[in-house]
Number of protein chains: 2
Amino acid sequence: MTQETRPLSKKDIRRENEKLILEAAEKVFAEAGFGGATMQLIADLAGLPKANLHYYFPTKESLYRRVVQAIFHDWLKAADIFDNAPGPVEGIGAYIDAKMEISRRHPAGSKVWASEVMHRAPVIQDYLETTLVEWTEGRMAIIRRWIDEGKMNPVDPRHLLYMLWATTQHYADFGHQIETLNGNAPLSDAQWEAAKDSVKTIILTGIGAIPSA
Amino acid sequence: MTQETRPLSKKDIRRENEKLILEAAEKVFAEAGFGGATMQLIADLAGLPKANLHYYFPTKESLYRRVVQAIFHDWLKAADIFDNAPGPVEGIGAYIDAKMEISRRHPAGSKVWASEVMHRAPVIQDYLETTLVEWTEGRMAIIRRWIDEGKMNPVDPRHLLYMLWATTQHYADFGHQIETLNGNAPLSDAQWEAAKDSVKTIILTGIGAIPSA
DNA sequence: CATCATCTTGACCATACGGTCAGGTTAAGA
DNA sequence: TCTTAACCTGACCGTATGGTCAAGATGATG
């Protein structure tokens with residue numbers, strides 16, 4: 001009863017293999033860092049011979065670049081929720097939810113991103129200077145508007161954003177520490193909910209968007 | 001007018017060289033990660049021949065272990081302030097100040113720590129499971145006491161601690177991103193003060209330790 | 001001053017890694 | 001069916017890296 005699979009088209013092969021490689025690469029880069037990752041390790045995890053990796057991605061660096069770019073893309077996309085929100089409770093609340101969900105579902109990506117930035121962003125510095133700067137300015141303007149409209153306290157928008165990034169990404173980047181402090185067990189569904197609630201409550205209370213208990 | 005330096009004693013030589021090596025190693029490990037760091041790079045930065053490093057630290061891993069242990073030590077020491085504080089405003093406020101100061105003065109150490117944890121703590125897992133667990137339990141007890149005494153809102157102490165770690169360490173670990181968003185300039189004294197104030201205000205307000213603006 | 005333990009270092013080695021390539025296989029297209 | 005372009009991969013190569021070592025220099029000790 002072997003599965004009767006008709007041959008994949010060339011395009012499907014390409015898409016399939018690139019996907020396999022990128023997924024494996026993300027994991028390995030996250031676990032070992034760029035320097036500690038080896039093409040052989042990635043190849044083994046992807047189930048392909050090493051030479052095949054070099055067929056699709058000429059160098060280790062080009063593979064790494066693709067991984068980081070994909071992560072940056074998701075990173076920005078998570079912030080769409082921020083816009084069009086009537087106020088901080090909805091906007092920031094949803095943003096926290098979205099970023100916590102990323103931390104939960106794609107911890108490897110978050111780690112690769114953290115590693116890249118920690119190492120002075122050798123690959124995506126240009127993105128930081130253009131896209132990220134614009135993105136940040138835009139959200140800061142929204143926060144300022146909410147402040148002007150009296151929907152929250154006059155906090156520094158920049159540091160509020162840093163706090164949002166730091167707090168949500170912490171659950172991915174330091175996930176191992178958190179698991180250790182949780183008796184070497186991953187957070188349960190309920191614990192993830194509690195984490196989200198805690199973060200949202202403290203921050204939204206902290207900026208005066210919801211009343212203190 | 002050459003300096004007339006009398007010969008260093010053997011003990012001084014050892015202390016001096018170990019210090020040189022450990023400082024250089026911390027920087028290199030922070031910038032390149034464990035895998036990306038090379039003994040040659042560390043040797044060059046320390047101004048010593050590579051073979052000399054292996055005289056004091058037999059392997060790259062043993063050197064790395066010493067670096068991480070030193071950082072963990074500082075990490076815990078910063079929390080002494082936490083104890084004996086009459087309430088969250090003083091205790092948590094001082095803790096935030098202390099950890100922000102570490103992020104400012106020793107960003108490399110913070111990065112090495114982050115990297116170690118992100119890579120599943122291959123070297124200090126036992127410390128996490130013993131010392132860190134105890135430390136965390138202790139501070140959670142203090143926070144619970146403050147809650148019982150009505151000095152702050154009944155937030156989850158665990159997630160409050162995570163938020164404190166995440167937010168303060170973010171200024172070191174993601175310092176490059178922060179600098180980029182600051183027009184490629186390091187934060188000035190005033191900006192560091194503003195950062196500290198923002199963090200303290202939002203968190204202390206968020207837990208109901210100080211009134212909302 | 002003589003002996004010893006400690007420190008120093010250039011030269012060397014084995015290994016692992018990123019990357020190459022030639023020769024083969026397979027789907028696409030005419 | 002035949003040709004071509006895309007895909008596949010075992011074997012190979014140069015280099016960089018962690019680590020070793022033997023021989024010498026230097027401070028401690030009595």
Side-chain angles (χ1 to χ4, degrees), chain A residues 3-22 24-29 31-68 112 115 119 122-123, chain B residues 2-29 31-68 112 115 119 122-123:
Chain A
Q3 182 95 18
E4 190 70 27
T5 50
R6 70 183 149 131
L8 293 164
S9 77
K10 294 283 190 195
K11 286 205 168 173
D12 286 345
I13 289 176
R14 176 157 224 116
R15 198 170 338 137
E16 180 76 13
N17 280 349
E18 287 190 348
K19 195 182 140 204
L20 274 176
I21 295 168
L22 286 169
E26 183 179 283
K27 264 188 202 153
V28 174
F29 282 134
E31 279 175 23
F34 178 82
T38 72
M39 294 299 270
Q40 189 61 62
L41 231 59
I42 297 171
D44 291 348
L45 189 59
L48 295 170
K50 191 183 68 154
N52 209 349
L53 264 65
H54 281 101
Y55 174 72
Y56 288 102
F57 301 92
T59 66
K60 183 183 176 184
E61 204 181 299
S62 68
L63 173 55
Y64 175 74
R65 180 174 287 119
R66 278 282 299 274
V67 170
V68 173
V112 174
S115 191
H119 298 10
V123 165
Chain B
T2 56
Q3 184 90 22
E4 191 69 25
T5 51
R6 68 184 154 130
L8 293 164
S9 77
K10 292 283 191 195
K11 285 205 168 173
D12 285 345
I13 288 177
R14 177 157 223 117
R15 198 170 338 139
E16 180 75 14
N17 281 350
E18 285 191 350
K19 195 182 142 204
L20 274 175
I21 295 168
L22 286 169
E23 282 176 1
E26 184 179 283
K27 265 188 200 153
V28 174
F29 282 134
E31 278 174 23
F34 179 81
T38 72
M39 294 299 270
Q40 189 61 63
L41 233 58
I42 297 170
D44 290 348
L45 189 60
L48 295 169
K50 192 184 67 156
N52 208 348
L53 265 65
H54 280 100
Y55 173 72
Y56 288 102
F57 301 93
T59 66
K60 184 183 175 184
E61 205 180 297
S62 67
L63 173 54
Y64 176 74
R65 179 173 290 120
R66 278 282 299 274
V67 170
V68 172
V112 174
S115 191
H119 298 0
V123 166

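Residue numbers start from 1 in every chain, and the chains themselves are labelled A, B, ... in the order their sequence lines are given, proteins ahead of strands.
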Expected output is a numbered-order residue list: members of residues 47-55 of chain A with a heavy atom under 4.0 Å from any atom of DNA chain D. What is it?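 By residue number: A:Pro49, A:Ala51, A:Asn52, A:Tyr55.
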Quick one: [X] [atom1] to [N] [atom2], roughly how many Å, whole number?
X       : N      : atom1 : atom2 : answer
A:Lys60 : D:dA16 : NZ    : P     : 15 Å
B:Gln40 : C:dT9  : CD    : P     : 13 Å
B:Ile42 : D:dG19 : CD1   : C1'   : 14 Å
B:Ile21 : C:dC7  : CD1   : C1'   : 12 Å
A:Phe57 : D:dC7  : CZ    : C1'   : 15 Å
B:Lys11 : C:dA5  : NZ    : C1'   : 13 Å
B:Leu63 : D:dT17 : CG    : C1'   : 15 Å
A:Leu41 : C:dA16 : CG    : C1'   : 12 Å

Pick base, sugar-phosphate or nothing for B:Ala37, based on heavy-atom distances below 4.0 Å to the nucleic acid.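 Sugar-phosphate, backbone atoms only, no base.
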Any B:Tyr56 side-chain N or O less than 4.0 Å from OP1/OP2 of C:dT6: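 False: B:Tyr56 side-chain N/O out of range (4.0 Å or more) of C:dT6 OP1/OP2.
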Within the pair A:Arg14 and D:dA6, is there a side-chain N or O less than 4.0 Å away from OP1 or OP2?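 For D:dA6, OP1/OP2 do not have a side-chain N/O of A:Arg14 under 4.0 Å.
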Partners meeting side chain to side chain donor-acceptor pair (under 3.5 Å) with A:Glu16 (sequence neighbours left out):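 Side chain to side chain donor-acceptor pair (under 3.5 Å) list for A:Glu16, sorted by chain: empty.
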Keeping to residues at least two apart or across chains, list the salt bridge (Lys or Arg N to Asp or Glu O under 4.0 Å) pairs with something in residues 45-63 of chain B.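 Every pair satisfying salt bridge (Lys or Arg N to Asp or Glu O under 4.0 Å) with a residue in residues 45-63 of chain B: B:Glu61-B:Arg65.
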Mind jotting down which residue pairs meet the ring pair (Phe, Tyr, Trp, His ring centres under 6.0 Å) criterion with at least one end in residues 42-67 of chain B? Sequence neighbours excluded, please.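 Qualifying pairs, neighbours excluded: B:Phe29-B:Tyr64, B:Phe34-B:Tyr64.
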Enumerate the protein-to-nucleotides 23-25 of chain D contacts in which both atoms are nitrogen or oxygen and the separation is below 3.5 Å.
none

With B:Glu31, which residues qualify under side-chain contact (heavy atoms from CB on, under 4.5 Å), at least two apart?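 None.
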Taking the nucleotide of DNA chain D with the nearest heavy atom to each, does B:Gly35 or B:Ile13 sit closer to the 5' end?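 With B:Gly35 and B:Ile13 compared, the 5'-side residue is B:Gly35.
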Evaluate the side-chain proximity of B:Lys19 to B:Glu23: yes if any heavy-atom separation is below 4.5 Å, no if none is.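 Contact flag for B:Glu23/B:Lys19 side chains = yes.
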With the side chain of A:Met39 defined as its heavy atoms from C-beta on, choose the nearest nucleotide among D:dA28, C:dG18, D:dG19.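 Given the options D:dA28, C:dG18, D:dG19, the side chain of A:Met39 is closest to C:dG18.
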To the nearest 0.5 Å, tell me how far [X] [atom1] sits from [Y] [atom2].
X       : Y       : atom1 : atom2 : result
A:Lys27 : A:Leu41 : NZ    : CG    : 12.0 Å
A:Glu18 : A:Leu63 : CD    : CG    : 10.0 Å
A:Ile21 : A:Leu45 : CD1   : CG    : 11.5 Å

Test log, rule side-chain contact (heavy atoms from CB on, under 4.5 Å), inputs A:Asp44 and A:Gln40: CA-CA 6 Å; A:Asp44 291 348; A:Gln40 189 61 62; 3.1 Å; yes
